[in-house]
Trainee: 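Starting off with a structure, shown below.
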Amino acid sequence: MAASNARQVAPGLSDVPETMLWALHSRASEAARQDGILTDPDCVRIHQSIDYDFGRQFGTPAGSLAARAVEIDRTLARWIARHPDGTVVSLGEGLETQASRVDNGRIRWLSVDLPEAIRLRERFLPPTDRFRHIAVSAGDPAWMDAVDPSRGVFIVAQGLLMYLQPEAVQTLFAGIANRFPAAEIVFDAVPNWFSRLTLLGLQQTPHYRLPPMPWGIDRDEIEPTLRRWLPRVASVAFLHYRTPRGLARLAARMVHHMPFLRHGVPSLVHVALAPDAFASNIVQFRKNQMKTLNGVIDAATDNATSGNDLAIAAGQVIARRVALGVAAAFDPMQADHAEFGRMMPEKLEAFSAAGMIMLEQSSQAGWEITRFASDEVMTTAQATLAIATCSNPVAMAEAQGQFAIAWFNRATSNLFAMGLLALGVQKAAMVPIQQTLAANAERLGR
C-alpha cells in the first residue's frame with residue numbers, strides 16, 4: 001500500500017472516532033518493543049506522525065488491543081488462504097493497518113468509517129484500486145453496494161459494535177446476512193458490567209473518559225443471541241487473546257478457568273454464516289422428505305381402503321353363511337354341506353399363504369436393515385476422516401453441518417423406507433385373504 005510522508009498531523013477527533021487513537025497507541029507501543037508480539041512498521045510510523053499526547057490521554061498500554069489484532073490477523077490469514085481473491089471489509093477501521101499485515105497481493109480490502117476518520121486515514125494510507133475507502137457509518141448499507149461477494153467476503157468489526165445501540169447491532173448483522181449469506185465475521189464485544197460502567201462515565205485515565213458503550217453482552221449470551229438474530233448461522237467460535245505479558249496475562253489465564261468469571265470478560269467472536277449450498281440442501285431435504293412422506297401416506301391410505309373393502313366383503317360372506325347356518329338348523333337335510341366343508345380348509349389356506357408372504361417379506365426387511373447399518377458405518381468413517389482433516393474450526397463446522405444434514409436425511413429416508421416396506425408387507429399379506437373372500441362372495445351371491 002502506498003503511504004505519504006506526513007509528519008505531526010493534528011487528528012482533530014473526539015468522541016467515538018477518537019478511540020482509533022487509543023487502538024493505534026496500543027498496537028504501535030507493542031510493535032515498537034523488541035519482544036513485541038506484533039510486527040507493524042506502518043503502525044509505528046503513523047503513531048509517530050500524529051500530534052497527540054497518547055501517553056497522557058491513554059496511559060501505558062497493557063497490549064491487549066495489540067493481542068486482539070494479532071488473533072484477528074491469524075484468522076484472516078487462514079481465510080485468505082482459502083479465498084485468495086476474496087474481499088475483506090473492515091468496519092470502523094480507523095487507523096488500523098491490518099491490510100498490510102495480511103495482504104497476499106490479490107485480496108481486495110474495503111475500509112468503512114465515518115468521514116472524519118477516513119480523512120485522517122487517507123493522510124497516511126491513501127486508497128488504491130485494491131484497497132478502497134468509503135466514508136459512511138457501518139450502519140449505512142451503502143458500503144454493501146461496494147462489495148463484490150463472488151469470491152468470498154470476510155467482515156471485521158474491531159472495536160466498533162460496543163459503541164452501537166443493541167438494535168443497531170442486530171440490524172447490521174441482519175443486513176450482512178441478507179446481502180452476504182456465505183460471509184464470515186469477526187467482532188469483539190464487552191461484557192454487560194463494563195458496558196454499564198461506561199454509561200455511568202468510566203475514566204481510562206484522569207484525562208480521558210471512555211465513550212459510552214451501549215451494547216454489552218456476556219460471553220455465554222453471544223451464541224444464543226446470534227442464532228436468534230440470524231437463523232443461518234453455521235458456527236460461532238471464540239478466539240482467545242490475552243495481554244502479552246505480566247500479571248495481567250496471569251490474571252486473564254486464571255479467569256479463563258473460572259466458570260463464574262470467564263463469561264464476564266471481553267470476547268472476540270468468529271461467526272460463519274451458512275452458505276447458499278447449505279441452505280439449498282436444507283430446502284431440498286425438506287422437499288425430499290415431504291415427497292417420501294406423501295408416498296407413505298398414500299400407501300397407508302391405500303391399505304386402509306383395501307382393509308375397509310376387505311371388512312365389507314368379510315361381513316357379506318359372514319352374513320350369508322349365518323343365513324345358511326340358520327336354514328340348516330331348520331332343515332338339516334337341505335343344508336349346503338359342501339359350503340360348510342370348505343370353510344376351515346380355505347381359511348387355513350388363505351392365512352397360511354398370508355403367513356408365508358410375511359415370512360418372505362420379513363427376510364427382505366432384515367436384509368434392508370443390515371444394509372442401512374452397513375451404510376451408516378461407512379458414512380460415519382468418512383465423516384470422521386473429513387472432520388479430522390479440517391484445517392480450522394469454520395471448515396470443521398461446515399463439514400459437521402453437511403454431514404448432519406446428510407445423516408438426518410438418510411435416517412428419515414430409511415425410516416420412511418421401513419414404513420413403506422411394512423405397508424407393502426401388509427398389502428401383500430392381505431392379497432390371498434382378499435382373493436378367498438372375493439371367491440366366497442361371488443359363489444355365495446349366486
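All residue numbers refer to positions in the sequence shown, counting from 1.
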Trainee: Would you say the side chain of Gln170 lies within less than 4.5 Å of the side chain of Thr225, judging by non-hydrogen atoms?
Mentor: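 Side chain of Thr225 against side chain of Gln170, heavy atoms only: no contact under 4.5 Å found.
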
Trainee: Does the side chain of Trp109 come under 3.5 Å of the side chain of Glu93 through a donor N or O and an acceptor N or O?
Mentor: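 Judged by distance alone, the side chains do pair up.
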
Trainee: Write down the atom of Leu199, the atom of Pro212, and the distance for their closest heavy-atom approach.
Mentor: CD2-CB, 3.8 Å

Trainee: Search all heavy atoms of Ala69 against all heavy atoms of Glu96 and return the closest pair with its distance.
Mentor: CB-OE1, 4.3 Å

Trainee: Using side-chain contact (heavy atoms from CB on, under 4.5 Å) as the criterion, list what pairs up with Leu268, not counting sequence neighbours.
Mentor: Arg68, Glu71, Ile72, Val186, Asp188, Leu239, Tyr241

Trainee: Under 3.5 Å, which donor-acceptor pairs do the side chains of residues 54-62 form with other protein atoms, sequence neighbours left out?
Mentor:
{"from": "Arg56", "atom 1": "NH2", "to": "His207", "atom 2": "ND1", "distance (Å)": "3.0"}
{"from": "Gln57", "atom 1": "NE2", "to": "Tyr52", "atom 2": "OH", "distance (Å)": "3.3"}

Trainee: What are the two closest heavy atoms between Gly216 and Asn192, and how far apart are they?
Mentor: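 Smallest interatomic distance, heavy atoms only, reads O-OD1, 2.7 Å.
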
Trainee: What are the two closest heavy atoms between Ala23 and Leu65, and how far apart are they?
Mentor: CA-CD1, 3.9 Å

Trainee: Does a donor on one side chain and an acceptor on the other come within less than 3.5 Å for Thr87 and Arg108?
Mentor: no

Trainee: Nearest 0.5 Å, what's the CD-OG distance between Gln8 and Ser49?
Mentor: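 Answer for the CD-OG pair, Gln8 versus Ser49, is 7.0 Å.
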
Trainee: Is it the case that over 12 heavy atoms from other parts of the model lie below 6.0 angstrom from the CZ atom of Arg33?
Mentor: yes

Trainee: Quick one: list whatever passes ring pair (Phe, Tyr, Trp, His ring centres under 6.0 Å) with Phe154, sequence neighbours left out.
Mentor: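 Testing Phe154 for ring pair (Phe, Tyr, Trp, His ring centres under 6.0 Å), a comparison that skips the adjacent residues, returns Trp79, His270.
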
Trainee: Show your reasoning for whether side chain to side chain contact (heavy atoms under 4.5 Å, CB included) applies to Met20 and Leu120.
Mentor: CA-CA 10 Å; Met20 75 170 70; Leu120 181 61; 4.1 Å; yes

Trainee: Is any side-chain heavy atom of Leu13 closer than 4.5 Å to a side-chain heavy atom of Leu21?
Mentor: yes

Trainee: Quick check: closest heavy atoms across Val153 and Val147, and the distance to 0.1 Å?
Mentor: CG2-CG1, 3.9 Å

Trainee: May I ask you to decide if Ala174's main-chain N or O and Trp229's side chain share a donor-acceptor pair within less than 3.5 Å?
Mentor: no

Trainee: So how far is it from Asn178 CG to Met144 CE, rounded to the nearest 0.5 Å?
Mentor: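 With rounding to 0.5 Å, CG (Asn178) is 8.5 Å from CE (Met144).
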
Trainee: Please answer whether the main-chain N or O of His83 pairs with a side-chain N or O of Arg106 as donor and acceptor at a distance below 3.5 Å.
Mentor: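 No, the answer is negative, given that no donor and acceptor are paired below the 3.5 Å cut-off.
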
Trainee: Under the side chain to side chain contact (heavy atoms under 4.5 Å, CB included) rule, what do Phe124 and Thr97 come out as? Steps first, then yes or no, please.
Mentor: CA-CA 10 Å; Phe124 306 102; Thr97 49; over 6 Å; no

Trainee: I'd like to know if the side chain of Arg232 reaches the main chain of Ala274, judged simply by a donor and an acceptor atom lying under 3.5 Å from each other, with no hydrogens or angles considered.
Mentor: yes

Trainee: Establish, from distance only, whether the side-chain atoms of His133 and Arg121 form a donor-acceptor pair under 3.5 Å.
Mentor: yes

Trainee: Let's go through Val102 and Val88 carefully: what are the C-alpha distance in whole Å and the side-chain angles of both, what is the deciding distance for side chain to side chain contact (heavy atoms under 4.5 Å, CB included) to 0.1 Å, and is it a yes or a no?
Mentor: CA-CA 11 Å; Val102 300; Val88 178; over 6 Å; no

Trainee: Do Pro127 and Glu122 touch side chain to side chain, with heavy atoms closer than 4.5 Å?
Mentor: yes

Trainee: Start with the C-alpha gap between Glu30 and Arg245, add the side-chain angles, then the distance that decides, and say whether salt bridge (charged side-chain N to carboxylate O under 4.0 Å, His left out) holds.
Mentor: CA-CA 11 Å; Glu30 188 66 26; Arg245 62 191 65 82; 2.6 Å; yes

Trainee: For the residue pair His25 and His47, does the interplanar ring angle fall in the parallel (under 30°), tilted (30 to 60°) or perpendicular (over 60°) class?
Mentor: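 Parallel, since the angle between the ring planes stays under 30°.
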
Trainee: Drop me the distance from Leu95's CG to Leu125's CG, to the nearest 0.5 angstrom.
Mentor: 7.0 Å

Trainee: Does the side chain of Tyr208 come within less than 4.5 Å of Gln203's, by heavy atoms?
Mentor: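 A side-chain contact is absent here, since even the closest heavy-atom pair is not under 4.5 Å.
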
Trainee: Let me confirm one number: the CD-CG distance from Glu116 to Leu114, rounded to the nearest 0.5 Å.
Mentor: 5.0 Å

Trainee: Looking only at atom types and distance, does a side-chain atom of Asp113 sit under 3.5 Å from a main-chain N or O of Gly94, one as donor and one as acceptor?
Mentor: yes

Trainee: Would you check if Val156 and Phe187 make a side-chain contact, meaning some heavy-atom pair closer than 4.5 Å?
Mentor: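 Heavy-atom side-chain distance check fails, nothing below 4.5 Å.
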
Trainee: What residue among His240, Glu221, Arg219 forms side-chain hydrogen bond (donor to acceptor under 3.5 Å, both in side chains) with Ser267?
Mentor: Arg219

Trainee: Mind checking whether Thr19 and Tyr163 have side chains closer than 4.5 Å, heavy atoms only?
Mentor: yes

Trainee: So how far is it from Leu273 CG to Ile185 CD1, rounded to the nearest 0.5 Å?
Mentor: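 Separation between the atoms: 4.5 Å.
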
Trainee: Would you say the side chain of Leu38 lies within less than 4.5 Å of the side chain of Arg101, judging by non-hydrogen atoms?
Mentor: yes

Trainee: Are any side-chain N or O atoms of Thr198 and backbone N or O atoms of Ser195, one a donor and one an acceptor, separated by less than 3.5 Å?
Mentor: yes

Trainee: Please round to the nearest 0.5 Å and tell me the distance separating atom CD1 of Ile155 and atom CD of Glu184.
Mentor: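 It comes to 10.5 Å.
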
Trainee: Compare every heavy atom of Phe131 with every heavy atom of Ala99, then report the nearest pair and how far apart it is.
Mentor: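 Scanning both residues completely, I find the closest heavy atoms to be CB-CE2, 3.4 Å.
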
Trainee: Quick one, Arg123 and Ile46 - any side-chain contact, counting heavy atoms below 4.5 Å?
Mentor: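 A side-chain contact is absent here, since even the closest heavy-atom pair is not under 4.5 Å.
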
Trainee: Using the side chain to side chain contact (heavy atoms under 4.5 Å, CB included) rule, take Met213 and Leu164 through it: C-alpha gap first, then chi angles, then the decisive distance, then the call.
Mentor: CA-CA 7 Å; Met213 300 181 184; Leu164 305 180; over 6 Å; no

Trainee: Is there a donor-acceptor pair under 3.5 Å between the side chain of Asn104 and the backbone N or O of Ile107?
Mentor: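 Judged by distance alone, yes, a pair lies under 3.5 Å.
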
